[in-house]
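Read the structure below first, then the notes.
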There are 2 protein chains.
Amino acid sequence: MPRPTTAPIGVVLARTAKAAGQAFDQALAAVGGSQPIWQILIALKTHQHTSQRELADAVGIQGATLTHHLNGMETAGLLTRTRDPENRRVHHVELTDHGETTFHRLAEAAVAHDNRMRTGLTDHEIATLATLLGRLAANVTTPAGE
Amino acid sequence: MPRPTTAPIGVVLARTAKAAGQAFDQALAAVGGSQPIWQILIALKTHQHTSQRELADAVGIQGATLTHHLNGMETAGLLTRTRDPENRRVHHVELTDHGETTFHRLAEAAVAHDNRMRTGLTDHEIATLATLLGRLAANVTTPAGE
DNA sequence: TATTGTTATACTCTATAACTATA
DNA sequence: TATAGTTATAGAGTATAACAATA
């Protein structure tokens with residue numbers, strides 16, 4: 001049984017993600033953002049969420065943690081929370097104009113960061129990388145609904 | 001200029017690393033460990049560090065942060081800190097028997113976690129993944145010595 | 001009672017600044 | 001003065017438990 005000669009992929013992944021994450025943190029911080037804020041903005045822009053619970057799931061955090069971030073983002077004027085008249089337990093989260101602007105500003109920083117990381121790699125290599133990462137993730141992610 | 005059709009690789013990487021990291025956290029916590037502790041144990045086992053400063057660099061954290069973890073690990077009986085007689089400013093960090101045992105216990109959990117992640121991927125694919133991640137990391141890592 | 005969200009609280013990891021001890 | 005490490009303090013992100021509001 002030929003032992004793999006590569007370092008544990010988990011170690012390589014963790015190391016890379018740490019370096020990339022720290023660089024990304026700095027890139028976002030430089031334009032007044034953070035990773036959780038960015039993830040929440042993405043989730044708000046890309047899906048129609050009916051509840052904060054759903055939003056929290058999309059971002060991968062607990063409801064209370066989401067509340068924590070939404071408080072800050074609402075204070076910063078990025079979004080508004082209004083109750084659904086149909087079911088007043090549910091809060092609708094919507095981006096303000098400032099929130100939209102912020103989203104685009106962070107998006108630019110994210111794109112720049114991505115381009116920096118992609119330097120020297122072909123589109124095909126990036127696609128391969130994305131595919132492999134996706135398969136890796138599938139092995140550690142609980143299938144939705146379980 | 002053909003826009004890449006893949007999702008930003010940073011997003012894919014962050015998402016994968018988060019899922020993998022959380023799963024790894026759980027795997028380590030189940031045997032009484034954590035990622036920083038694991039990283040410190042690895043650094044202690046794989047290199048001969050002359051100072052804590054060097055150790056901190058190897059783990060990628062600040063000296064004060066390392067002290068924080070070493071305090072906990074020393075209290076837990078995983079290691080000892082003794083002054084170098086030659087230069088009493090320098091502390092030598094050494095694993096106790098309990099530290100060695102803990103290292104092996106965490107290593108088992110880490111290997112199991114790695115095997116879980118590798119499921120369905122060939123050794124060649126893992127090697128490719130590791131290579132690509134390494135090249136990605138190089139783009140966001142400050143070259144040593146700068 | 002069940003569901004949605006918030007508040008209160010605390011834990012982990014991290015960092016910076018000020019400090020101690022050694023040289 | 002310079003270096004190795006620690007202490008004090010703080011901040012970000014996360015979580016759980018208890019709670020309030022609504023159904």
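Letters go in sequence order (proteins before strands), and every chain restarts at 1. For clarity, every value in this text was computed on a predicted model and none was experimentally measured.
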#### Entry: B:P36 side-chain proximity, nearest of C:dG5, D:dG5, C:dT14
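Of the options given, the side chain of B:P36 lies nearest C:dT14.
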Counting just side-chain N and O atoms, does [X] come under 4.0 Å of either OP1 or OP2 of [N]?
| X | N | value |
| --- | --- | --- |
| B:R89 | C:dT22 | no |
| A:S51 | C:dT3 | no |
| A:Q52 | C:dT6 | yes |
| A:S34 | D:dA12 | no |

### Query
Quick check: are there more than 12 heavy atoms from other residues, nucleotides or ligands sitting under 6.0 Å from CZ of A:R53?
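Check fails, neighbour count at 12 or below.
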Tell me which donor-acceptor pairs under 3.5 Å the side chains of residues 98-107 of chain A have, and how far apart each pair is, sequence neighbours excluded?
unit_1 : atom_1 : unit_2 : atom_2 : d
A:H98  : ND1    : A:A76  : O      : 3.3
A:E100 : OE1    : A:K45  : NZ     : 2.6
A:T101 : OG1    : A:D97  : O      : 2.8
A:T102 : OG1    : A:H98  : O      : 2.8
A:T102 : OG1    : A:R105 : NH2    : 3.3
A:R105 : NH1    : A:V31  : O      : 2.4

### Task
Spell out, yes or no, whether B:L28 and A:L136 are grouped together once hydrophobic residues are joined by side-chain heavy atoms under 4.5 Å, including indirect joins.
no
### Task
Please answer: with hydrophobic residues joined when any side-chain heavy atoms are less than 4.5 Å apart, are B:V11 and B:L13 in the same cluster?
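No, B:V11 and B:L13 fall in different hydrophobic clusters.
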Output the rounded distance in Å from [atom1] ([X]) to [atom2] ([N]).
| X | N | atom1 | atom2 | value |
| --- | --- | --- | --- | --- |
| B:I37 | C:dT14 | CD1 | P | 11 Å |
| B:I40 | C:dT12 | CD1 | C1' | 13 Å |
| B:R88 | D:dG5 | CZ | C1' | 13 Å |

### Task
Using a cut-off of strictly less than 4.0 Å between a heavy atom of the residue and any atom of DNA chain C, enumerate the qualifying residues of residues 20-33 of chain A by number.
none
#### Entry: Close approaches to DNA chain C from residues 53-87 of chain A, in residue order (heavy atom, under 4.0 Å)
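Correct list: A:R53, A:A64, A:T67, A:N71, A:R81.
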### Message
For B:S51, is there any backbone N or O sitting under 3.5 Å from a side-chain donor or acceptor partner on B:E54?
### Response
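Such a contact is absent between B:E54 side chain and B:S51 backbone.
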### Query
With no hydrogens and no angle check, is any side-chain donor or acceptor of A:Q35 less than 3.5 Å from a backbone partner on A:G21?
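It does hold such a pair.
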### Task
Go through B:D123 and B:R118 one step at a time and tell me if the side chain to side chain contact (heavy atoms under 4.5 Å, CB included) criterion holds.
CA-CA 8 Å; B:D123 282 0; B:R118 301 169 76 111; 3.5 Å; yes
### Query
In a check of side chain to side chain donor-acceptor pair (under 3.5 Å) between B:R81 and each of B:E94, B:H91, B:H92, B:E74, which one passes?
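One option only clears the test, and that one is B:E74.
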### Query
Going by the angle between their ring planes, with limits at 30° and 60°, are A:F24 and A:H113 parallel, tilted or perpendicular?
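Rings of A:F24 and A:H113: parallel, as their planes differ by under 30°.
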